[in-house]
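Presented below is the structure to which this report refers.
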Amino acid sequence: MSKGSGSGGYSGGLDRRDFLKAGALGVAAGAIYGCGEPGSGQASLAGAASVPGGLGSAPAQPFAAPPIDQVRIGFVGVGGMGTAHVRNLVRIDGCVVSAVCDIREEHAERAADIIEEAGHPRPALYTGGETDFERLTAEADVDLVYTATPWRWHVPVCVAAMENGKHSATEVPAAYTLEDCWRLVETAERTNRHCLMMENVNYGRAELLCLNLVRQGLLGEILHAECGYLHDLRGIKFADDGEGLWRRDHAWTRDGNLYPTHGLGPVANCMDINRGDKFDYLVSMSSPSRGLQEWAAEHYPEGHPKRAETFALGDVNGSLIKTARGGTIYVSHDTNLPRPYSRINQVQGTKGIFQGYPDRVYIEGRSPSHRWEEAETYYEEFEHPLWTALQEASIGAGHGGMDFMEDYRLIKCLREGLPTDMNVYDAAALSAVCELSEISVANGSAPVEFPDFTRGQWKDWAPWPVVGA
């Protein structure tokens, strides 16, 4: 699965000059938030956990906005992933996509056709360049701005939305610098608006089965988890369209765990991160970089400019997180080498274990001694209620239906005035792994402390319950 904010989303190319310019802007932001440019190692080991000045306490309870009967949505970035979300949203009661923004007019028109064919009014289109989302957020009569752009635009779109009184939702990762993580938190708190990261894997069938087993106590106390994003993306990174226009560029200068949230989101829920526990510190190390160079040499002729590219990103990154309650989480990133897809998805407790790829379970006293059981045998008794209720409605949606479920839950929470399943603190904590891993790698795999984006409220916030439809 290459969900990555975009799959071509805000379909513009990012050339080397633009990428370096974006990095320079990151350094400027760092002057405010106390961190350096991603990949630079400028953020100190101790300073990484600093709380920006001027921030008070986080809310005593996760934020819930007044209910919205009909959620009006402005969508920014309607390439592959953005279009998939639009197709989901037109099937969900209580919402309408009333504005669409993309730098490619044909993508915006395609989304408008989908919306109109579903029986909704044709949306207003914003196709006036890379920053036309600013006009949408300022003038469009919408409640929520949803973005599926390339990574560098996630924070600017969300901040513009919140500053203009709109809730915001973004594809993953929400940010990839610590200063931008804090910027999302600060803006959400100051404006009293939602800012959430749309992590579709939290709603995967196996992942929700595992969460239900944890909540039912079958795995005992959860002590350890292993997860990751292990996906051969060489062809996608070198493509001349879609994510190939921008995703490979991050490997030029960054070395760390660049895309942690697909694997980390579900196991963080099982370990009550930000809701009874928190990420405490991280150590990270990377292998040498070989995969992209070798792929280019095999697929392009002598003299082709892509053969001359060099990459800082190690082909395999392993990051180990310690939690405040003493738990451990291994997070892997492997996108430059030949391999079958995996997110690992292992959750180990004192009474049993769940492990993905293939999905299997072992529960002491219930399973045959020292033998795995297929997870499929547990669905009849322990299927998560979201899947029980929405499995049929989600047929045909992306990634086996999980994309529909995440969109459904977002709209439900906004319509009913509920706290969203993930919030800005989750978006920041999960995304912080990106730069924290880069800092650790750059400093000889030294431990780096996590910021506490909740400023202590994680001790009192209740764990994510087994929610229904």
Side-chain angles (χ1 to χ4, degrees), residues 3 58-59 61-68 71 73 85 88-89 92 94-95 143-144 146-148 158 167-174 184-185 188 193-215 227 260-278 345 347 383-391 393-394 397-431 453-454 457-458 461-469:
K3 187 186 182 197
Q61 296 295 330
F63 174 68
I68 305 169
V71 181
I73 303 167
H85 283 300
N88 292 337
L89 293 165
I92 297 172
C95 70
D143 306 294
L144 167 72
Y146 196 143
T147 182
C158 287
H167 301 300
S168 61
T170 178
E171 267 293 349
V172 297
L184 293 177
V185 169
R193 292 297 181 268
H194 286 296
C195 178
L196 63 149
M197 182 175 68
M198 301 298 292
E199 180 42 74
N200 62 342
V201 180
N202 285 358
Y203 300 88
R205 190 182 185 196
E207 285 80 2
L208 284 179
L209 171 64
C210 179
L211 179 64
N212 201 18
L213 294 175
V214 170
R215 292 291 182 258
C227 60
T261 73
H262 280 335
L264 187 55
V267 303
N269 287 334
C270 290
M271 298 185 75
D272 299 335
I273 297 303
N274 285 346
R275 294 163 177 81
D277 201 357
K278 75 175 184 73
N345 194 30
V347 176
E383 181 84 89
H384 193 284
L386 268 181
W387 272 88
T388 301
L390 296 177
Q391 187 167 12
S394 69
H399 301 111
M402 63 175 74
D403 294 358
F404 179 85
M405 295 192 186
E406 70 168 343
D407 289 333
Y408 178 93
R409 281 293 302 174
L410 167 62
I411 300 305
K412 178 182 175 67
C413 290
L414 292 177
R415 293 190 72 198
E416 298 185 8
L418 302 172
T420 53
D421 295 342
M422 293 189 77
N423 56 34
V424 70
Y425 308 101
D426 303 313
L430 295 171
S431 299
F453 296 102
T454 77
Q457 298 291 10
W458 61 270
W461 289 346
W464 189 37
V466 177
V467 298

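Worth knowing before you read on, the calculation uses all heavy atoms, side chains too, and leaves out hydrogens, waters and symmetry mates.
- Under the salt bridge (charged side-chain N to carboxylate O under 4.0 Å, His left out) criterion, Asp143 pairs with Arg72, sequence neighbours left out.
- Rounding to the nearest 0.5 Å places OG of Ser168 at 12.5 Å from CE of Met197.
- Going from atom CG of Leu213 over to atom CG of Leu208 covers 11.0 Å, rounded to the nearest 0.5 Å.
- Summarising the geometry, atom SG belonging to Cys227 is positioned 12.0 Å from atom NE2 belonging to His262; distances are rounded to the nearest 0.5 Å.
- Between Glu199 and Val201 the shortest heavy-atom distance is OE2-N, 2.9 Å.
- Checked against side-chain hydrogen bond (donor to acceptor under 3.5 Å, both in side chains), Asn269 has no partners two or more places apart in sequence or in another chain.
- For Arg415, the side-chain hydrogen bond (donor to acceptor under 3.5 Å, both in side chains) criterion is met by no residue, not counting sequence neighbours.
- Partners of Trp458 by side-chain hydrogen bond (donor to acceptor under 3.5 Å, both in side chains), not counting sequence neighbours, listed by chain and number: Asp452.
- Rounding to the nearest 0.5 angstrom, the gap separating the CD1 atom in Ile68 from the SG atom in Cys413 is 11.5 Å.
- A donor-acceptor contact shorter than 3.5 Å is absent between the side chain of Thr261 and the backbone of Leu430.
- Atoms CG and CG, on Asp407 and Leu89 in that order, are 4.5 Å from each other to the nearest 0.5 Å.
- Applying the ring pair (Phe, Tyr, Trp, His ring centres under 6.0 Å) criterion to His167, with sequence neighbours excluded, gives His194.
- With Val214 as reference, Val347 is the one residue of Val466, Asp272, Val267, Val347 to meet the side chain to side chain contact (heavy atoms under 4.5 Å, CB included) rule.
- Here the shortest heavy-atom pairing between Cys158 and Thr147 reads SG-CG2, 4.4 Å.
- Residues passing the side-chain hydrogen bond (donor to acceptor under 3.5 Å, both in side chains) test with Glu383 are Arg205, sequence neighbours excluded.
- With Arg215 contributing its side chain and Trp464 its backbone, the two residues share a donor-acceptor pair below 3.5 Å.
- Side chain of Ser431 to backbone of Ala428: no donor-acceptor contact under 3.5 angstrom is found.
- Every residue meeting the salt bridge (charged side-chain N to carboxylate O under 4.0 Å, His left out) condition with Asp426, not counting sequence neighbours, appears here in chain and number order: Arg275.
- Not counting sequence neighbours, the partners of Ala169 by the side-chain contact (heavy atoms from CB on, under 4.5 Å) test are Leu144, Tyr146, Leu196, Met198, Leu410.
- Side-chain contact check for Phe404 versus Ile92: some heavy-atom pair is nearer than 4.5 Å.
- Looking at Glu406, its side chain does come within 3.5 Å of a backbone N or O of Asn200 through a donor-acceptor pair.
- Under the salt bridge (charged side-chain N to carboxylate O under 4.0 Å, His left out) criterion, Arg409 pairs with Asp421, not counting sequence neighbours.
- When every heavy atom of Pro385 is checked against every heavy atom of Gly468, the shortest pair comes out as CB-CA, 4.5 Å.
- Shown here are the side-chain contact (heavy atoms from CB on, under 4.5 Å) partners of Pro59, two or more places apart in sequence or in another chain: Glu189, Tyr425.
- Side-chain atoms of Glu207 do not come within 3.5 Å of backbone N or O of Pro266 as any donor-acceptor pair.
- In this structure, Trp387 CH2 and Met405 CE are separated by 4.0 Å, a value rounded to the nearest 0.5 Å.
- When the side-chain contact (heavy atoms from CB on, under 4.5 Å) test is applied to Asp277, the partners found at least two apart in sequence or on another chain are Ile273, Thr323, Ala324, Arg325.
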